Amino acid sequence: MKTIALAGNPNSGKTTLFNALTGSRQHTGNWPGVTVEKKEGRLKNHEDILIQDLPGIYSLSPYTLEEVVSRAYLVKEQPDMVLDIVDGTNIERNLYLTTQLLELHLPVVLAVNMADMVRASGNTLDLKKLSAVLGCPVISISALKKEGLDELTAELAKPQPTGHRPDSFEPQVLQALEEIQKLLADKVPPQSLYWYAVKAFERDERVLEELHLDPEQTRRLEAIVTKVEKEYDDDAESILTTQRYDYIERILAGCFTKRATASSLTWSDKIDRVVTNRWLALPVFVLVMWEIYTIAMGQTVVSIGTMGTDWVNDVLFGEWIPNGVETLLTTLGVGDVLSRLIQDGIVAGVGAVLGFVPQMLVLFFLLSILEDCGYMSRVAFIMDRLFRRFGLSGKSFIPLLVATGCGVPGIMASRTIEQDRDRKLTIMTTGFIPCSAKMPIIGLFAGAVFGQNAWVATSAFVIGIGAVVVSGIILKKFKVFAGEPAPFVMELPAYHWPTLANLLASTWERGWSFIKRAGTLILASSIVLWFLQSFGIVNGSLSLVEDNNVSLLADLGRMLAWIFVPLGWAGDMAWKATVATFTGLIAKEEVVNTFGVLYAGLGEVSEEGTEIWAAVAADFSAVTAWSFLIFNLLCAPCFAAMGAIRREMNNWKWTLASIGYMCGFAYVVSLMVYQIGGLFTGEVTFSVFSVVAFALLGLLLVLLFRKGYSGRDDTIHTAMALESGK
């Protein structure tokens with residue numbers, strides 16, 4: 001089996017190329033011992049060639065977990081070949097990784113992507129000259145338009161010689177590297193000796209730990225490096241970085257020609273002058289998100305998602321499936337109890353969740369367009385500017401963005417944040433972002449109580465971002481989180497048209513994950529919920545009850561409902577809302593599933609929606625709906641996300657602190673929304689809870705505007721103490 005490692009910068013088109021080369025024959029998992037995704041697939045028409053897709057990286061320096069994983073694979077696993085994809089529109093920066101890959105003494109094939117955009121810009125790249133200088137095949141491709149892929153596939157199928165080492169460094173550095181190679185000769189394999197020497201020169205901590213140098217070897221290494229640093233009056237890593245870029249500039253001078261233009265602004269630059277403008281960026285972003293939610297969840301002529309959901313709820317699960325199941329059960333002579341379980345438990349419960357699949361698929365499709373065209377990278381840039389004003393790292397937005405699909409990978413994505421305090425702060429707030437599992441809750445209340453107003457869905461996203469920002473301001477003022485956020489550097493790729501195949505694949509991957517939960521976890525919980533709400537203790541024995549207000553589930557709900565009385569959850573609705581909230585800890589879709597079971601057959605079908613919508617609308621006012629919605633959007637995430645928090649925090653105290661903070665924050669905000677909002681609508685009379693709500697609002701304002709902790713040294717010690725459990 002021939003193994004090819006696919007390496008490249010983020011946003012270079014690596015995923016598109018991987019999909020084009022392997023098609024549907026892919027396997028996805030995690031790298032051993034870490035949560036970084038691992039993808040591999042067979043090269044089309046070549047069953048004996050396995051392509052290993054490495055995480056997108058900028059270099060082989062271990063700044064992020066992705067770079068650690070990629071470097072470990074290349075150095076330890078020694079693939080048969082490296083396929084290095086570089087963005088032809090940003091070739092100088094992309095070749096920086098290429099120079100490092102060539103130092104690994106492995107066969108390398110270079111794929112220059114976005115050839116169509118290079119041609120459109122009027123620039124020219126002499127592939128033969130570049131190949132001769134680098135000593136490896138160079139193929140021009142467009143992964144998006146599938147140009148040059150046949151030539152690239154043919155090149156990958158050939159045996160390739162080992163690439164020669166690039167002449168990146170000046171004589172003084174090369175002499176130092178030769179001395180270091182002699183020092184390490186008996187510690188590493190000969191083919192990797194030069195690469196280890198480079199990393200030792202950089203004082204790479206992971207490499208030095210692996211080498212186990214004795215004190216005398218360490219002294220000699222330090223003397224070699226220090227001598228060069230004095231000659232250049234710079235640190236070792238900066239010396240190598242500068243000389244690598246000088247080398248890249250020299251080789252491009254002979255093979256890359258830029259078209260001289262009167263204006264240096266590309267059409268991408270012109271768009272960015274609007275969408276990243278200091279004053280227009282945020283309004284444009286809000287309008288874009290509003291339009292997306294309008295198409296996916298609104299009530300207008302362009303609301304494709306709502307039309308699909310209405311059909312699924314009113315026709316598929318409103319008539320066809322229930323009538324068909326009822327006919328089938330009658331024909332089979334199924335008993336009344338089992339029939340009610342299937343109809344009111346499984347069909348109603350699972351149907352309530354699956355009814356939102358059309359809206360979610362439309363939403364996923366539209367978000368995939370924003371991601372593939374390059375706009376989401378701009379959003380990260382915009383949010384970095386906003387986040388840094390409030391003491392948050394711009395890198396925090398990447399996990400938050402990932403969390404819009406699912407909170408679990410969003411929490412995992414926090415590993416790219418170097419500073420421990422910023423990473424912990426991000427983990428503690430990522431759960432505030434509405435993930436795909438929360439979309440049915442938003443859709444249910446937007447439709448049942450607010451007339452399918454797209455602003456309700458948009459505001460849910462804004463509330464999530466607001467909760468992150470407010471939390472960042474408050475928590476950054478405590479010693480354990482105090483300090484300047486880490487700098488955030490990322491590439492803004494050129495805008496391009498996304499391909500329909502990639503959009504559909506991304507949409508289906510997210511949607512299918514949601515549907516699978518509906519067929520497994522939600523199905524099982526629907527059965528349990530139906531049993532608990534259909535049976536109760538009557539005259540000392542377990543009996544089937546017609547009124548679920550006297551059921552086992554109602555008894556359990558009432559035991560805990562008192563907790564939420566200040567939030568406006570009262571009357572017969574209280575225990576149902578309480579049960580739905582607690583089942584939402586299993587999976588957030590369970591909130592809607594629970595309502596589907598509890599309200600099955602209890603409401604009348606209205607013009608605005610299904611019988612479940614009508615029953616929810618009868619139980620919830622606008623203020624109580626906002627209170628319930630906000631609490632379930634901001635409180636503790638599902639069990640899977642809690643497990644991810646535990647793995648990433650690697651400490652039970654931090655895990656419990658994170659979950660406790662989210663629940664407490666959600667409760668405080670919901671309390672203020674109901675008690676203060678209810679006073680304006682006349683639904684609430686002034687009481688002790690109103691006093692508490694105003695007091696909490698005052699405390700929140702004090703925490704927001706009070707001066708933060710200014711100490712520096714204690715921050716590190718406090719964090720270390722918490723980490724060790726002291």
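Given the structure is predicted, the values throughout are model-derived calculations rather than measurements.
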side-chain contact (heavy atoms from CB on, under 4.5 Å) against Val286, all qualifying residues, sequence neighbours excluded: Trp455
Going through the distances and angles, do Tyr661 and Thr429 end up as a side chain to side chain donor-acceptor pair (under 3.5 Å)? CA-CA 9 Å; Tyr661 176 77; Thr429 55; over 6 Å; no
side-chain contact (heavy atoms from CB on, under 4.5 Å) against Val470, all qualifying residues, sequence neighbours excluded: Ile474, Phe665, Leu700, Leu704
For a 4.5 angstrom cut-off between non-hydrogen side-chain atoms, does Leu130 reach Leu110? yes
From Leu6 CG over to Thr22 OG1, what is the distance, rounded to the nearest 0.5 angstrom? 9.5 Å
With side chain to side chain contact (heavy atoms under 4.5 Å, CB included) as the criterion, how do Leu17 and Leu83 come out once you've worked through the C-alpha distance, each side chain's angles and the decisive distance to 0.1 Å? CA-CA 11 Å; Leu17 178 61; Leu83 171 56; 4.1 Å; yes
Heavy-atom pair with the smallest gap, counting every atom of Gly254 and Lys129: O-CD, 3.2 Å
Is the side chain of Lys588 donor-acceptor paired with the backbone N or O of Ile441 at a distance under 3.5 Å, no angle test? no
For a 4.5 angstrom cut-off between non-hydrogen side-chain atoms, does Leu500 reach Phe365? yes
Shortest non-hydrogen pair, Ala625 vs Phe445, comes out as CB-CD2, 3.7 Å
Taking the side chain as C-beta and beyond, is there a heavy-atom pair between Leu370 and Ile292 under 4.5 Å? yes
Please state whether the rings of Tyr96 and Tyr245 are parallel, tilted or perpendicular, taking 30° and 60° as the class boundaries. parallel
What's the verdict on side chain to side chain contact (heavy atoms under 4.5 Å, CB included) for Asn9 and Asp87, showing C-alpha distance, side-chain angles and the deciding distance? CA-CA 8 Å; Asn9 289 187; Asp87 177 1; over 6 Å; no
Rounded distance (nearest 0.5 Å) linking atom CG of Asn90 with atom CG of Asn94: 6.0 Å
Distance in Å, Leu95 CG paired with Gln100 CD, rounded so as to fall on 0.5 Å steps: 12.0 Å
Least distance between heavy atoms, Lys438 atom then Leu633 atom: NZ-O, 2.7 Å
Counting only N and O atoms by type, is there a donor-acceptor contact under 3.5 Å from the side chain of Lys39 to the main-chain atoms of Asp53? no
Please tell me if the side chains of Ile433 and Val468 come closer than 4.5 Å, counting only heavy atoms from C-beta onward. yes
Are Ser12 and Val86 close enough, and set up right, to give a side chain to side chain contact (heavy atoms under 4.5 Å, CB included), and what steps lead you there? CA-CA 6 Å; Ser12 62; Val86 303; over 6 Å; no
Close side-chain approach of Arg93 and Tyr58, heavy atoms under 4.5 Å: yes
Charged N-O contact under 4.0 Å between Asp422 and Lys476: yes
Side chain Ser627, main chain Val623, donor-acceptor under 3.5 Å: no
Side chains of Val284 and Tyr375: closer than 4.5 Å at any heavy-atom pair? yes
Quick one: does Val357's side chain get under 4.5 Å of Val312's, heavy atoms only? no
Closest contact, heavy atoms only, Leu54 versus Ala7: CD1-CB, 4.2 Å
Between Leu60 and Ile57 the two heavy atoms that sit nearest each other are CD2-CD1, 3.8 Å
Tell me whether Asn113 contacts the main-chain N or O of Ile85 through its side chain, where contact means a donor paired with an acceptor under 3.5 Å. no
Are Arg378 and Tyr495 in a cation-pi setup, meaning NZ or CZ lies under 6.0 angstrom from the ring centre and within 45 degrees of the ring axis? yes
For the CG atom of Leu252 and the CG atom of Asp126, what is their distance to the nearest 0.5 Å? 11.5 Å
The salt bridge (charged side-chain N to carboxylate O under 4.0 Å, His left out) partners of Asp372 (sequence neighbours excluded) come to none
Would you name the heavy atoms of Ala460 and Ile442 that are closest together and state the gap between them? CB-CD1, 3.6 Å
Side-chain heavy atoms of Val118 within contact of Ile91, under 4.5 Å: no
If you round to the nearest 0.5 Å, how far is OG of Ser142 from CG of Asp116? 3.5 Å
Please step through side chain to side chain contact (heavy atoms under 4.5 Å, CB included) for the pair Val288 and Glu291, ending with a clear verdict. CA-CA 5 Å; Val288 168; Glu291 186 60 39; 5.9 Å; no
Rounded to the nearest 0.5 Å, how far apart are CD1 of Ile304 and CG of Leu366? 7.5 Å
